Visitor: 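My questions will all concern the structure given below.
The figures here come from the full heavy-atom set of this structure, side chains too, leaving out hydrogens, waters and symmetry mates. Just so we're clear, the structure is a prediction, and the values are computed from it rather than from any experiment.
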Amino acid sequence: MADEAKAKGNAAFSAGNYTDAVSHFTEAINLAPTNHVLYSNRSAAFASLGNFSEALSDAQKTVELKPDWSKGYSRLGAAHMGLHNYEDAVSAYKKGLEIDPSNEALKSGLSDAEGASVRASRSRTVPGASPFGDAFGPEMWVRLANDPTTRGFLQQPDFVKMMQDLQKNPNNLNLYLKDQRLMQALGALLNLKFQTRSPEEDAEMPSAADSSSSTAGGSTEWKKPEHEPVPEPETDPMETQEKEKKEIKAQAQKEKENGNAAYKKKDFETAIQHYSKAIDLDDEDISFLTNRAAVYLEMGKYEDCIKDCDKAVERGRELRSDFKMVARALTRKGTALVKMSKTSKDFDSAIETFQKALTEHRNPDTLKRLNDAEKAKKDLEQQEYFDPQIADEEREKGNQFFKEQKYPDAIMHYNEAIKRNPKDAKSYSNRAACYTKLGAMPEGLKDAEKCIELDPTFSKGYTRKGAIQFFMKEYQKALETYQEGLKHDPRNQELLDGIKRCVEQINKGSRGDLTPEELKERQAKGMQDPEIQNILTDPVMRQVLVDFQENPKAAQEHMKNPLVMDKIQKLINAGIVQVK
């Protein structure tokens, strides 16, 4: 139940429903209060909601439960960053790196924390430092992502680049004040409301020379106040450069669309040409790389696919691209690695890549691919280990130990025989005999049933199963097992003897020859049998039993029904009903 609640929390977190994620993780914690992963996940959800105090509390609990887990310190550092406790964040990240020195997330967090600490110190001591310095701290990205008015900007590379520059040097704020998106971002970061235009109103501002005229289509007029002088129109180099950049990006998107169209037609060579042109035009959109990787995957050019995926991941980290895009690149790389796998060992890198993708974004398709890869690895391991000759040798070794009554040693060799040849019914039969000698009846019964499943004509399987059921005092079931075995081997003396023993025990109970202790034991065992429980809860059978006590005439009519008679006989065999 805790795992189910955790899975719901992960799904809600991936969908951006952080409040629901907190609720689900809390439910999981209530069911498994010592699971450090649950506190870590809830800390991440609280941080995404901007509730850094709760995030800190959960991160501290994570570290307390699992002090040698590096990810706990990553959560701790992120929470301190959100609370502007930069020195504590530096300390947390350093502790995490002591446990896992190669952890990239901890390295990046430490770098951000140290930078934020320096900026905070500089803003307190350096005259003229930007009053907006704190707004551009590491928690800036979380706040922008959580605010509906700025979330979409994070998909715009030029906006991301502008904000990265302001993180490095907040004093460059004046360079970007013409960008309306910056005002909206400052509003989100400082919890202020600036008067900005909506996206529908964000048309290009007319020049001063055209300020007295209306824009085409009857849109809103813009005029300079009459008391201000109107300057001469002039060309802004930055606006020109920005316009050219937008045109190049639009051209790159057009190449991508052409590539998509060619891909759908399975014209892979043409698709690659278009995606390659898009990559050359704009290296800030990793979807061009992931799309080209998909084409290489279809063409069977797995190494080229992997190269593009690696580039997409590396570039995506630099640009702080959408985590879903990074996860997509990793998933495609994992798929290519699976296609290239020839041995069970080859699947390790693919499995690791899928796991990395799931840490970025828990996508059901990626999870299925991971499960398929793990199953394929396991199946291949069995195939590589398969050797019938060695299996026969191991079974013979087990037989020798069985004769010497060294049953644990015998089981060890039968185990190896089964691993070497999982389809050998004899090994399961022999191991069932060992378990019987050791009194491990459930394990022996399971092996006997597997033996019969693999070879329904092998009489030993039935004698093993029947003997175990007899020892468990399930005489009716043992009788049915022996009878089934006789269908395949009618003259088998072991099966015939088994039937004789079962009938004697069943008749003993029917005659009332059982001691009170034996009767009580048989009744208790019968009441544990699901079939007996179903008979006793059947409304029809309950009426039949009442009639046996209160209405003998009606009971005689019931006995004419073969199905009712069969159920009554089972109750008699179980000691539930006694005939006098």
Visitor: Decide, yes or no, whether a salt bridge links E453 with K450 under the criterion of side-chain N to carboxylate O below 4.0 Å.
Guide: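 Looking at E453 and K450, the cut-off is met.
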Visitor: Please walk me through it: do I351 and L370 pass side chain to side chain contact (heavy atoms under 4.5 Å, CB included)?
Guide: CA-CA 6 Å; I351 290 170; L370 171 61; 3.7 Å; yes
Visitor: Whether K446 and E449 form a salt bridge (side-chain N of Lys/Arg under 4.0 Å from carboxylate O of Asp/Glu) is what I want to check.
Guide: no
Visitor: Suppose we call two aromatic rings close when their centres sit under 6.0 Å apart. Are Y73 and Y93 close by that rule?
Guide: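 When the ring centroids of Y73 and Y93 are compared, they turn out to be at least 6.0 Å apart.
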Visitor: D346 side chain to T343 main-chain N or O, any donor-acceptor pair under 3.5 Å?
Guide: yes
Visitor: Which residues satisfy the side-chain hydrogen bond (donor to acceptor under 3.5 Å, both in side chains) test with N35, sequence neighbours excluded?
Guide: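 Checked N35 against side-chain hydrogen bond (donor to acceptor under 3.5 Å, both in side chains); zero matches.
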Visitor: Is the closest side-chain heavy-atom distance between V22 and F46 below 4.5 Å?
Guide: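 Result yes, sub-4.5 Å side-chain heavy-atom pair found.
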Visitor: I want to check something: taking the side chain as every heavy atom from C-beta on, are D538 and K567 in contact at a cut-off of under 4.5 Å?
Guide: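 In short, these two side chains touch, coming nearer than 4.5 Å.
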Visitor: Check whether any side-chain N or O of R395 sits under 3.5 Å from a backbone N or O of Y414 as a donor-acceptor pair, and report yes or no.
Guide: no
Visitor: Check K356 with E360, please: is the shortest side-chain N to carboxylate O separation under 4.0 Å?
Guide: no
Visitor: Would you check, one step at a time, whether the test side chain to side chain contact (heavy atoms under 4.5 Å, CB included) holds for L486 with I499?
Guide: CA-CA 10 Å; L486 283 176; I499 289 176; 3.0 Å; yes
Visitor: Considering non-hydrogen atoms only, spot the tightest contact between T481 and G466 and give its length.
Guide: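 Where T481 meets G466 most closely, the heavy atoms are CG2-N, 3.7 Å.
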Visitor: Keeping Y275 on the side-chain end and S287 on the backbone end, is there a donor-acceptor pair under 3.5 Å?
Guide: no
Visitor: Apply side-chain contact (heavy atoms from CB on, under 4.5 Å) to K460 and list each qualifying residue two or more places apart in sequence or on a separate chain.
Guide: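 With sequence neighbours excluded, K460 shows a side-chain contact (heavy atoms from CB on, under 4.5 Å) to S429, F458, T463, R464, E494, given in chain and number order.
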Visitor: Using the rule side-chain hydrogen bond (donor to acceptor under 3.5 Å, both in side chains), only one of D372, N371, T366 pairs with K368; which is it?
Guide: D372
Visitor: Taking all non-hydrogen atoms of both residues into account, name the closest pair between I468 and L445 and its distance.
Guide: CD1-N, 3.5 Å
Visitor: Do K375 and F347 have side-chain heavy atoms sitting under 4.5 Å apart?
Guide: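 Result no, sub-4.5 Å side-chain heavy-atom pair not found.
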Visitor: Are a donor atom and an acceptor atom from the side chains of N421 and D424 found within less than 3.5 Å of each other?
Guide: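 There is no such pair (donor and acceptor under 3.5 Å, judged by atom type) between the side chains of N421 and D424.
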Visitor: Sequence neighbours left out, what pairs pass side chain to side chain donor-acceptor pair (under 3.5 Å) with at least one residue falling in residues 54-63?
Guide: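 Only R42-D58 qualify under side chain to side chain donor-acceptor pair (under 3.5 Å).
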Visitor: Who passes ring pair (Phe, Tyr, Trp, His ring centres under 6.0 Å) against F52, sequence neighbours left out?
Guide: none
Visitor: Quick one: do E484 and K487 make a salt bridge, cutoff under 4.0 Å?
Guide: yes
Visitor: Using the test ring pair (Phe, Tyr, Trp, His ring centres under 6.0 Å), find all partners of F402 that sit at least two apart in sequence or belong to another chain.
Guide: Y407
Visitor: Please work out which of the three classes, parallel, tilted or perpendicular, describes the rings of H413 and F401, given edges at 30° and 60°.
Guide: parallel
Visitor: Could you note down all residue pairs passing salt bridge (charged side-chain N to carboxylate O under 4.0 Å, His left out) where residues 321-339 supplies at least one of them, sequence neighbours left out?
Guide: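 Sorted pair list: D310-K333.
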Visitor: Within the structure provided, determine whether E394 and K397 are in side-chain contact (heavy-atom separation under 4.5 Å).
Guide: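 Of all side-chain heavy-atom pairs linking K397 with E394, at least one is under 4.5 Å.
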Visitor: Could you go step by step and tell me if L76 and K95 meet the side chain to side chain contact (heavy atoms under 4.5 Å, CB included) rule?
Guide: CA-CA 10 Å; L76 189 61; K95 287 181 180 178; over 6 Å; no
Visitor: Measure the OG1-CG distance between T34 and L65 for me, rounded to the nearest 0.5 Å.
Guide: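 Going from OG1 on T34 over to CG on L65, the span is 7.0 Å.
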Visitor: Excluding sequence neighbours, so at least two apart, what forms side-chain contact (heavy atoms from CB on, under 4.5 Å) with Q493?
Guide: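 side-chain contact (heavy atoms from CB on, under 4.5 Å) check on Q493 returns L496, D497.
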Visitor: Which heavy atom of A21 sits nearest to which heavy atom of A45, and what is that distance?
Guide: CB-CB, 4.2 Å
Visitor: Please determine whether the number of non-hydrogen atoms from other residues, nucleotides or ligands lying under 6.0 Å from atom CD of E396 exceeds 12.
Guide: yes
Visitor: Is the side chain of S43 donor-acceptor paired with the backbone N or O of Y39 at a distance under 3.5 Å, no angle test?
Guide: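 Checked: no pair found.
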Visitor: For D409, what residues pass the side-chain hydrogen bond (donor to acceptor under 3.5 Å, both in side chains) criterion, not counting sequence neighbours?
Guide: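 With neighbours one apart ignored, the set is empty.
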Visitor: Checking the side chain of Y462 only, and the main-chain atoms of Q483 only, is there a donor and an acceptor separated by less than 3.5 Å?
Guide: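 No.
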Visitor: Main chain of P530, side chain of N534: is a donor-acceptor contact present, judged purely on distance under 3.5 Å?
Guide: yes
Visitor: Taking all non-hydrogen atoms of both residues, which atom of I286 and which atom of G316 are closest, and how far apart?
Guide: CG2-N, 3.8 Å
Visitor: Quick one: does R501's side chain get under 4.5 Å of Y482's, heavy atoms only?
Guide: yes
Visitor: Count the heavy atoms belonging to other residues, nucleotides or ligands that lie under 6.0 Å from NZ of K377, then report whether that count exceeds 12.
Guide: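 Result for NZ/K377: enclosed.
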Visitor: Does the side chain of L536 come within less than 4.5 Å of M541's, by heavy atoms?
Guide: no
Visitor: Are T436 and F471 packed together at the side-chain level, in the sense that at least one heavy-atom pair is separated by less than 4.5 angstrom?
Guide: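 A side-chain contact exists here, since the closest heavy-atom pair is under 4.5 Å.
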Visitor: To the nearest 0.5 Å, how far apart are CD in E381 and CD in Q383?
Guide: 11.0 Å
Visitor: Using a strict threshold of under 4.0 Å (side-chain N to carboxylate O), is an ion pair present between D68 and K66?
Guide: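 Looking at K66 and D68, the cut-off is met.
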Visitor: What pairs with Q476 under side-chain contact (heavy atoms from CB on, under 4.5 Å), at least two apart in sequence or on another chain?
Guide: L479, E480, I506, N573
Visitor: My understanding is that only residues two or more places apart in sequence, or in another chain, count here; which of them pass ring pair (Phe, Tyr, Trp, His ring centres under 6.0 Å) with F470?
Guide: Y475
Visitor: Within a strict 4.5 Å, meaning less than it, do heavy atoms of the R420 and Y385 side chains meet?
Guide: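 The answer is yes, as the side chains (C-beta and beyond) meet within the 4.5 Å cut-off.
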Visitor: Are D489 and N492 linked by a side-chain donor-acceptor pair shorter than 3.5 Å?
Guide: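 Indeed, the side chains of D489 and N492 share at least one donor-acceptor pair under 3.5 Å.
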Visitor: How close do L330 and T353 get, heavy atom to heavy atom, and via which atoms?
Guide: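 Where L330 meets T353 most closely, the heavy atoms are O-CG2, 3.1 Å.
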Visitor: Apply side chain to side chain contact (heavy atoms under 4.5 Å, CB included) to the pair E298 and Y263, showing each step before the final yes or no.
Guide: CA-CA 10 Å; E298 289 284 346; Y263 178 79; 3.4 Å; yes
Visitor: Does Q400 have any side-chain hydrogen bond (donor to acceptor under 3.5 Å, both in side chains) partners at least two apart in sequence or in another chain, and if so, which?
Guide: E404
Visitor: Working to the nearest 0.5 angstrom, can you tell me the gap between S74 OG and I99 CD1?
Guide: 11.5 Å
Visitor: With sequence neighbours excluded, tell me which residues meet ring pair (Phe, Tyr, Trp, His ring centres under 6.0 Å) with Y302.
Guide: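 For Y302, no residue satisfies ring pair (Phe, Tyr, Trp, His ring centres under 6.0 Å) once neighbours in sequence are set aside.
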Visitor: Give, for atom SG of C309 and atom CG of D304, the distance between the pair rounded to the nearest 0.5 Å.
Guide: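 Rounded to the nearest 0.5 Å, the SG-CG separation comes out at 11.0 Å.
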Visitor: Ignoring hydrogens, what is the shortest heavy-atom contact between A410 and G398? Give both atom names and the distance.
Guide: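 Taking A410 first and G398 second, the nearest heavy atoms are CB-O, 3.3 Å.
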